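Comments concern the structure below.
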Amino acid sequence: MSGTQKGWDRQQMADRLAREFQDGWLVNLGVGIPTMCSNTDLGDREVTYHSENGLIGYGPVLPAGQEDLHLVNAGGQNVSLKPDSVTVHHADSFAIIRSGRIDVTVMGAYEVAGNGDFANWKVAGQKGGGIGGAMDLAACAKRVFIILEHVTRKGAPRLVPTCALPVTARGVVTLVATNYGLFAPTGTGFRVVELAPGMSFDEVRAATGTPLEA
Amino acid sequence: MSGTQKGWDRQQMADRLAREFQDGWLVNLGVGIPTMCSNTDLGDREVTYHSENGLIGYGPVLPAGQEDLHLVNAGGQNVSLKPDSVTVHHADSFAIIRSGRIDVTVMGAYEVAGNGDFANWKVAGQKGGGIGGAMDLAACAKRVFIILEHVTRKGAPRLVPTCALPVTARGVVTLVATNYGLFAPTGTGFRVVELAPGMSFDEVRAATGTPLEA
Amino acid sequence: MRSKTFGGFAEAVADIPDGSVIGIGGFAAPGTPYNLLQALLAQGAKNLVCVANTTGGAHQPRMPDIAMLVENGQVRKVIASFTASTRPTDVIPFTKYYEAGEVEAELVPQGTMAERLRAAGAGIPAFYTPTAVGTELAEGRETRVFNGREMLLEYAIPLDYAFIRAHRADASGNLQFRLTQRNFCPLMAMAAKTCIVEVEEDILPVGSMDPDNVHTAGIFVQRLVKIPAAPDGIWPVRRQERAK
Amino acid sequence: MRSKTFGGFAEAVADIPDGSVIGIGGFAAPGTPYNLLQALLAQGAKNLVCVANTTGGAHQPRMPDIAMLVENGQVRKVIASFTASTRPTDVIPFTKYYEAGEVEAELVPQGTMAERLRAAGAGIPAFYTPTAVGTELAEGRETRVFNGREMLLEYAIPLDYAFIRAHRADASGNLQFRLTQRNFCPLMAMAAKTCIVEVEEDILPVGSMDPDNVHTAGIFVQRLVKIPAAPDGIWPVRRQERAK
């Protein structure tokens, strides 16, 4: 990382959360930036990626022309198999989720509150939304990691005292990566676990909508 | 059948019920005499035998020495496969039962009442009993056929006004074969569908513990 | 036994009445019954309730999807885990009709939908789940505490018809799916009175499948149609082939 | 990842504490973990709750069964679909201890037991079923009417351990069962915190199984033991071979 870098880019946010993955974990990665966790080098730690459409264990996305059209992850990407991969139907796949066997689910979100609530399925004023497997995963995984930009395009904080948008689950978030650093919900706010390069505590606190502990 | 025959033997009771099976039916046969229904020649009607231990479609019991020890029916007999046989686990097997896909279940019983109740899992004074799949099958199959001797060894009727023993299910029996004939519950008693050879209506009525209609 | 193999898609969907509840398998492309959807568009049954993970995506070129049935005036209600994209910039075709009030929708978490379909196929009328507790979806609904945790009561979704796509079938209706093609398909088959399957490979003679490796037993399957080669049949193609 | 393969049965059951809830797969001989049962008899854990279809039969020669664990003073309670035979003349060994009040029992319809195990493995705390409504088993219990039909509330049965027998396993714990060997085994595996498997064939290297035809995924399996050839391992034999 160069001395002029300020904050983390998308891959760096994913990398930072992926470095929390422990050997033997069963990991579910949400669509978008969370998928980039699978690019992170974990050394000799082995994790198994679970995709809610019934795929237990999968490898990298295949290059154009080499895709197997019968094989997609939850984001619809044509991934590859691993030697121990198993396919099951949707009810068996969510049995794995609901019975608490997912060690961590990593998801994007619109906002996260210090009490562990988060929102990622419905934007303001929208009729309906996009839930997919997010509510099952959020309610049932052992840990919920969230990746999101620290502030909205208009500069409003995404780490908030209370979610204004309809929540996906309550009190479940265990760790949050933003472009400004890594944060843990405390119940009433967030604690800084690590600041991204070039970010000062005061700068991050000013961009956070709820109490921030060093 | 000779002119001197009086009543049906066990295979004849089974045959008489089996002749009610229609083409395409999914049939579950209980342990004991009901199993003998699979010996009956049904002509060009094809039925599929379901065994609650996860076997959909099976053929005759194999002779000693030719058994496949991984393949048993619900009675623990080493049966054979059919070309379209499928194996599933117990939850899927009972999903078939509970969702009402069994066209008929044939079971033994200690007693049957005219209101369609029957009892086959617990004898008088016993602690505990043997339920197996009988309660699921009885509660959920489209039709419940019962095979039993018309009277007990002591001569007491088994077709009764009300079951004295704990019931397996209520109001479900559609047809009953005994050694004296074929009977249908009417709600308040039984109707004779057919008398076994050598049996008179009055003789059968005298051996029946509840109103019998001709 | 009557043959389950139908000569064409039109014939396989011909008798579907107005008002039917139809489950449509598939997750992204794998398992999606594009040919049956196209046949249903032509058949024209109305006031349908469609149950599926999504109503179809924003991508071009479009493949037959539920949103097309909506556009065609055939759908009363959709039960799905997405009625909009989570990316506000990705506007899916269904959203326009939904926001205009031309179609109803019931939004269901994906795992809850899978379990509600399985429940229908397993004779279970209702069950409790931790999913969606404390969210807008649980507002005004019945919950109950088990082992100190609040759980939401959910009901089975029985189907009149299931439309699914399988890789292999034998003439008795035994099915095998390939990789993530399985997804909702076996559950929809279980939940339905009549399951109609579009099959990728030639329909095999009975006795061709290992009994231990059948994914959906033939007793759940009523109608089979072999998908003809393109362009008569609809087959997903790779992205760069679509671009040609 | 740590290897799941254990060198012997004693080692695989060594840490099972008193008071554990243990599910034991099998229906008749197929799938029954005779070797693990024998190891548990030697290991001696007490106050166990055993969940299984039966407690063992009346037939001779006896294979290791739950009734032997009862005789050995290891069992507090049994959950089963048979605590007696339906033939009054067929007195099973368990009945004597049960009637003497030396062990508790909960009698459960077989399909309800299967579904309660699946529920535990699927994160479903409770569900409704039509089975056993109106019977002695439903007396004093909660029922509820759905679509005009009375249904009984049933609860999940979570397990501490599952003992099962499989035909094939790979080193990652992916399992295949043969024919009716499957029965309760995959459900017990799902319901348990620790699933211990006795395996008939040599344990295969990872990558040997078709991903579409694995019956229990390795994530549900923690310990594997290859069954040695007889007489070191226990293998069912045909009736006339037993008679020799």
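In what follows, chains are A, B, ... by sequence order, proteins preceding strands, each numbered from 1. Computed from a predicted structure; not experimentally measured.
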For [X], is it the side chain, the backbone, both or neither that has a heavy atom under 4.5 Å from a heavy atom of chain B?
| X | result |
| --- | --- |
| D:Leu137 | side chain |
| D:Thr86 | both |
| D:Arg178 | both |
| D:Pro186 | side chain |
| D:Ala84 | both |
| D:Thr112 | both |
| D:His167 | side chain |
| D:Ala105 | neither |
| D:Asn183 | both |
| D:Arg165 | neither |

> Charged N to carboxylate O under 4.0 angstrom, B:Glu67 versus D:Arg238?
Replying inline: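 The answer is yes: the pair qualifies as a salt bridge.
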> Checking side chain to side chain contact (heavy atoms under 4.5 Å, CB included) against D:Thr135, which of B:Val167, B:Thr168, B:Asp117, B:Ile131 comes through?
Replying inline: B:Val167
>> Within the 4.5 Å heavy-atom criterion, are B:Phe94 and D:Glu115 side-chain neighbours or not?
In response: no
> Taking side chain as C-beta onward, heavy atoms only, is B:Thr87 less than 4.5 Å from D:Phe177?
Replying inline: no
Under a 4.5 Å heavy-atom cut-off, does chain D meet the side chain of [X], its backbone, both or neither?
| X | result |
| --- | --- |
| B:Ala74 | both |
| B:Asn73 | backbone |
| B:Leu71 | both |
| B:Val72 | both |
| B:Ser85 | neither |

>> I'd like to know whether the aromatic ring centres of D:Phe184 and B:His89 sit less than 6.0 Å apart in this structure.
In response: no
Most contacts with chain D, counted as non-hydrogen pairs under 4.5 angstrom, among [options]:
| options | answer |
| --- | --- |
| B:Cys140, B:Ala169, B:Gly76, B:Ser51 | B:Cys140 |
| B:Asp68, B:Val88, B:Val31 | B:Asp68 |
| B:His90, B:Lys127, B:Glu52 | B:His90 |
| B:Leu81, B:Asp92, B:Asp136, B:Asn120 | B:Asp136 |

Considering all heavy atoms, the nearest [X]-[Y] contact:
| X | Y | value |
| --- | --- | --- |
| D:Pro109 | B:Met135 | CG-SD, 3.9 Å |
| D:Glu136 | B:Pro166 | OE1-CG, 3.2 Å |
| B:Gln126 | D:Ser85 | NE2-O, 4.0 Å |

> Could you go step by step and tell me if B:Leu69 and D:Trp235 meet the side chain to side chain contact (heavy atoms under 4.5 Å, CB included) rule?
Replying inline: CA-CA 10 Å; B:Leu69 294 181; D:Trp235 296 82; over 6 Å; no
>> Looking at chain B, which one of D:Ala80, D:Ala29, D:Ala28, D:Ser81 has the largest number of heavy-atom pairs inside 4.5 Å, strictly under?
In response: D:Ser81
>> Can you tell me which of D:Gly134, D:Pro30, D:Gly111 forms the most heavy-atom pairs within a distance under 4.5 Å of chain B?
In response: D:Gly111
>> With rounding to the nearest 0.5 angstrom, report the CZ to OG distance, D:Arg182 to B:Ser93.
In response: 11.0 Å
> Roughly how far, to the nearest 0.5 Å, is the OG1 atom of D:Thr180 from the CG atom of B:Asn78?
Replying inline: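 Going from the CG atom of B:Asn78 to the OG1 atom of D:Thr180 covers 8.5 Å.
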> Do D:Thr83 side-chain atoms and B:Gly129 backbone N/O form a donor-acceptor pair below 3.5 Å?
Replying inline: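 Judged by distance alone, yes, a pair lies under 3.5 Å.
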>> Please evaluate residues D:Leu179 and B:Leu55 with respect to the criterion side chain to side chain contact (heavy atoms under 4.5 Å, CB included), reporting the C-alpha separation (whole Å), side-chain torsions for both, the decisive distance (0.1 Å), and the verdict.
In response: CA-CA 8 Å; D:Leu179 300 174; B:Leu55 184 54; over 6 Å; no
Around [X], counting heavy atoms of other residues, nucleotides and ligands shown, do more than 12 lie under 6.0 Å from its [atom1]?
| X | atom1 | result |
| --- | --- | --- |
| D:Arg87 | CZ | no |
| D:Lys96 | NZ | no |
| B:Arg45 | CZ | yes |

